Amino acid sequence: MKAIIYHKYGSPDVLELKEVEKPAPKDNEVLIKVHAVSANAADWHLLRGEPFLIRLMGFGLLRPKNKILGADIAGWVEAVGRNVKQFQPGDEVFGDLSGCGFGGFAEYVCARENALALKPANISFEETAAVSMAAVTALQGLRDKGQIQSGQKVLINGASGGVGTFAVQIAKSFGAEATAVCSTSKVDMVRSIGADHVIDYTKEDFTKNGKHYDLILCANGYHSILDYKRALSPNGIYVVTGGTMAQMFEVTFVGPLISMSGSKKMGGIMVKPDKKDLVFLKELLKSGKVVPVMDRVYPLREVADAIRYLEEGHARGKVVIKIGT
Ligand SMILES: NC(=O)c1ccc[n+]([C@@H]2O[C@H](COP(=O)([O-])OP(=O)(O)OC[C@H]3O[C@@H](n4cnc5c(N)ncnc54)[C@H](OP(=O)(O)O)[C@@H]3O)[C@@H](O)[C@H]2O)c1
């Protein structure tokens, strides 16, 4: 089969399109013919082996352990291992394989059945591939860590990217009033996906306009943690999914101190791939309450270009790779 592989950490230049052995499913695994896969920041972090800390998390100290990146797949089940109960050949599935070895930048991949759910029938494979990691991150950030409630004022910083476009729509599905923060060229797009208010960060600093939010989800965009604290309501919650190293440092070391010393809670999340969350999102996708926002679609041979584009940090929704084009 064709796959995009890498043997050493580095820039997208180290990625190669190669012919490799087609994987065979173990007893508890499903073999999937990948139709589409989306790119995530996790892919370029693992490509570069940066920040260095991730190499200590089992991904390979000097060389990458998983030679094929790509987590968010959508495709057909081609074969199942003998202990697989939930799927059969022909099923259309999607899922996040970051918890079981990645491997999605390829024509075929094997995955544990618990990493997968049945694909919603009303959207394409490309749209479905956009969902898993970004939408589950948004869901776990808003619902689990953020304890989102209907009627709350919720602000999403980095609203126009992969996580942010899902976060805006998921916040609305919970009945919140959503304020989206993005740059000028994305204002109309985030309004079109349901944001009640849009702040163009090139023109207005939401941390200085005197408004307060019950929940702030930060998918990107640096402000100091004290700026975010100022923008929170008295019992407000601030959740970081990602951003600069300074943001990560502040939320790890200063966040707990602020949370312990007052009524505001400030912390980060690390997404946990979860089949129940995929099923939850599938219902939102079926009902049309959540619609994936697609940016560029690349063929498999251009994964390096897809990652270069994503790394620029200004995607408009999700960047997807369509296999077989
Ligand atoms: N914690 C986890 O488990 C987890 C899981 C998934 C992702 N993440 C992290 O979450 C972050 C977002 O991921 P993503 O997939 O959404 O990335 P993405 O698709 O690359 O989104 C980038 C977005 O950030 C926006 N942005 C850039 N500078 C900004 C600024 N100064 N203020 C506000 N927005 C700004 C861009 O919008 P404009 O073009 O409008 O500037 C762009 O739409 C990344 O850091 C990623 O590593 C973490």
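When a residue number appears, it is its place in the shown sequence, counting from 1. It should be emphasised that the depicted structure is a prediction, and the values quoted were computed from it without experimental measurement.
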(message) Would you compute the distance between atom CG of Asp144 and atom CG of Leu139 and round it to the nearest 0.5 angstrom?
(response) 6.0 Å

(message) Surrounding CZ of Phe249 (heavy atoms of other residues, nucleotides or ligands, distance under 6.0 Å), is the total greater than 12?
(response) no

(message) Do Lys211 and Phe206 make a side-chain contact, defined as non-hydrogen atoms from C-beta onward lying under 4.5 Å apart?
(response) no

(message) Applying a strict under-4.5 Å side-chain criterion to I, L, V, M, F, W and Y, I'd like to know whether Ile323 and Val131 cluster together.
(response) no

(request) Inspect the surroundings of NZ in Lys172 and state if more than 12 heavy atoms from other residues, nucleotides or ligands are less than 6.0 Å away. (result) yes

(message) Rounded to the nearest 0.5 Å, what separates atom CD1 in Ile156 from atom CG in Leu215?
(response) 7.5 Å

(request) Find the distance between CD1 (Ile32) and CG (Asp91) and round it off to the nearest 0.5 Å. (result) 11.0 Å

(request) Give a yes or no on whether the backbone of Pro89 and the side-chain of Glu78 come within a donor-acceptor separation of less than 3.5 Å. (result) no

(message) Which heavy atom of Val190 sits nearest to which heavy atom of Ala159, and what is that distance?
(response) CG1-O, 3.8 Å

(request) Would you mind reporting whether Asp43 and Phe105 have side-chain heavy atoms less than 4.5 Å apart? (result) yes

(message) So Met189 and Thr165, do their side chains get closer than 4.5 Å, heavy atoms only?
(response) yes

(request) May I ask whether Val37 and Ile123 are part of the same hydrophobic cluster, defined by side-chain heavy atoms of I, L, V, M, F, W, Y residues being less than 4.5 angstrom apart, directly or through others? (result) no

(request) Considering non-hydrogen atoms only, spot the tightest contact between Gly158 and Ala219 and give its length. (result) O-CB, 4.0 Å

(request) Could you tell me whether the side chain of Ile5 reaches within less than 4.5 Å of the side chain of Leu15, counting heavy atoms only? (result) no

(message) Could you check whether Gln247 and Asn220, counting side-chain N and O atoms only, form a donor-acceptor pair closer than 3.5 Å?
(response) no

(request) Indicate whether any N or O donor in one side chain lies under 3.5 Å from an N or O acceptor in the other, for Gln86 and Lys275. (result) yes

(request) Return the set of residues passing ring pair (Phe, Tyr, Trp, His ring centres under 6.0 Å) with Tyr238 (not counting sequence neighbours), or none when no residue passes. (result) Tyr228

(request) Supply the atom-to-atom distance Trp44 CH2 to Ile307 CD1, rounded to the nearest 0.5 angstrom. (result) 10.5 Å

(request) Spell out, as yes or no, whether a donor-acceptor pair under 3.5 Å connects the side chain of Gln152 to the backbone of Ala176. (result) no

(message) For Lys318 and Asn40, which I'm curious about, is there any donor-acceptor pair between the side chains at under 3.5 Å?
(response) yes

(request) Classify the angle between the aromatic ring planes of Tyr309 and Tyr298 as parallel (below 30°), tilted (30 to 60°) or perpendicular (above 60°). (result) tilted

(request) Answer yes or no on whether Lys22 is positioned over the face of Tyr108, meaning its NZ or CZ is under 6.0 Å from the six-membered ring centre and within 45° of the axis. (result) yes

(message) Can a side-chain donor-acceptor contact be found between Glu113 and Asn28 if the only test is distance below 3.5 angstrom?
(response) no

(request) Could you check if a side-chain atom of Leu118 sits within less than 4.5 angstrom of a side-chain atom of Glu92, using non-hydrogen atoms only? (result) no

(request) Mind checking the CD-CG spacing from Gln169 to Leu285? Nearest 0.5 Å is all I need. (result) 9.0 Å

(message) So does Thr207 get a backbone contact from the side chain of Asp205, meaning a donor-acceptor N/O pair under 3.5 Å?
(response) yes

(request) Kindly determine whether Ser183 and Thr202 satisfy side-chain hydrogen bond (donor to acceptor under 3.5 Å, both in side chains), including the steps that lead there. (result) CA-CA 6 Å; Ser183 62; Thr202 68; over 6 Å; no

(request) For Glu204 and Tyr201, indicate whether the former's side chain and the latter's backbone hold a donor-acceptor pair under 3.5 Å. (result) no

(message) To check you understand the geometry: which heavy-atom pair defines the closest contact between Leu97 and Ala115, and what is its length?
(response) CD2-CB, 4.2 Å

(message) Looking at Ser132, is its backbone amide N or carbonyl O close enough to the side chain of Asp96 to form a donor-acceptor pair, meaning the two atoms are under 3.5 Å apart?
(response) no

(request) Please report the closest heavy-atom contact between Leu232 and Lys264, naming both atoms and the distance. (result) O-NZ, 3.3 Å

(request) Any chance you could lay out the side-chain contact (heavy atoms from CB on, under 4.5 Å) test for Lys153 and His212, step after step, and finish with the verdict? (result) CA-CA 8 Å; Lys153 290 184 194 307; His212 297 97; over 6 Å; no

(request) Please report the shortest heavy-atom distance between Met1 and Glu21, naming the atom on each side. (result) CE-O, 3.9 Å

(request) Could you tell me whether the side chain of Phe125 reaches within less than 4.5 Å of the side chain of Lys119, counting heavy atoms only? (result) yes

(message) Keeping Ser233 on the side-chain end and Asn235 on the backbone end, is there a donor-acceptor pair under 3.5 Å?
(response) no

(request) Apply side-chain contact (heavy atoms from CB on, under 4.5 Å) to Lys8 and list each qualifying residue two or more places apart in sequence or on a separate chain. (result) Val14, Arg63

(message) Does any part of the side chain of Gln147, heavy atoms only, come nearer than 4.5 Å to the side chain of Lys265, both counted from C-beta?
(response) no

(message) Counting C-beta onward and ignoring hydrogens, is there a side-chain heavy-atom pair between Lys2 and Lys18 closer than 4.5 Å?
(response) no

(message) Applying salt bridge (charged side-chain N to carboxylate O under 4.0 Å, His left out) to Asp274 and Lys276, what does each step give before you reach the verdict?
(response) CA-CA 5 Å; Asp274 186 329; Lys276 287 195 296 302; 3.8 Å; yes

(request) Output yes when a side-chain donor or acceptor of Asp295 lies under 3.5 Å from a complementary backbone atom of Gly317, and no otherwise. (result) no

(message) Counting only heavy atoms from other residues, nucleotides and ligands, does the tally under 6.0 Å from NZ of Lys282 exceed 12?
(response) yes

(message) Apply salt bridge (charged side-chain N to carboxylate O under 4.0 Å, His left out) to residues Lys286 and Glu283 and explain how you reach the verdict.
(response) CA-CA 5 Å; Lys286 271 167 68 180; Glu283 294 308 312; 3.6 Å; yes

(message) If I compare all heavy atoms of Tyr9 with all of Gly60, which pair ends up nearest, and what's the gap?
(response) OH-O, 2.5 Å

(request) Answer yes if the side chains of Glu177 and His197 hold a donor-acceptor pair under 3.5 Å, and no otherwise. (result) yes

(request) Under the side chain to side chain donor-acceptor pair (under 3.5 Å) rule, collect the residues that match up with Ser185, sequence neighbours excluded. (result) none

(message) Under 4.5 Å between side-chain heavy atoms, counting indirect links through other Ile/Leu/Val/Met/Phe/Trp/Tyr residues: same cluster for Val154 and Ile269 or not?
(response) yes

(message) Between Val319 and Leu47, is there shared hydrophobic-cluster membership here, with clusters defined by ILVMFWY side-chain heavy atoms closer than 4.5 Å?
(response) yes

(request) Answer yes or no: is there a donor N or O on one side and an acceptor on the other, between the side chain of Lys186 and the main chain of His314, under 3.5 Å? (result) yes

(request) To the nearest 0.5 angstrom, please state how far the CE atom of Met245 sits from the OG1 atom of Thr252. (result) 8.5 Å

(message) Taking Ala111's backbone N and O only, do any of them form a donor-acceptor pair with Glu29's side chain (distance below 3.5 Å, no angle check)?
(response) no

(request) For Ser263 and Pro234, indicate whether the former's side chain and the latter's backbone hold a donor-acceptor pair under 3.5 Å. (result) yes

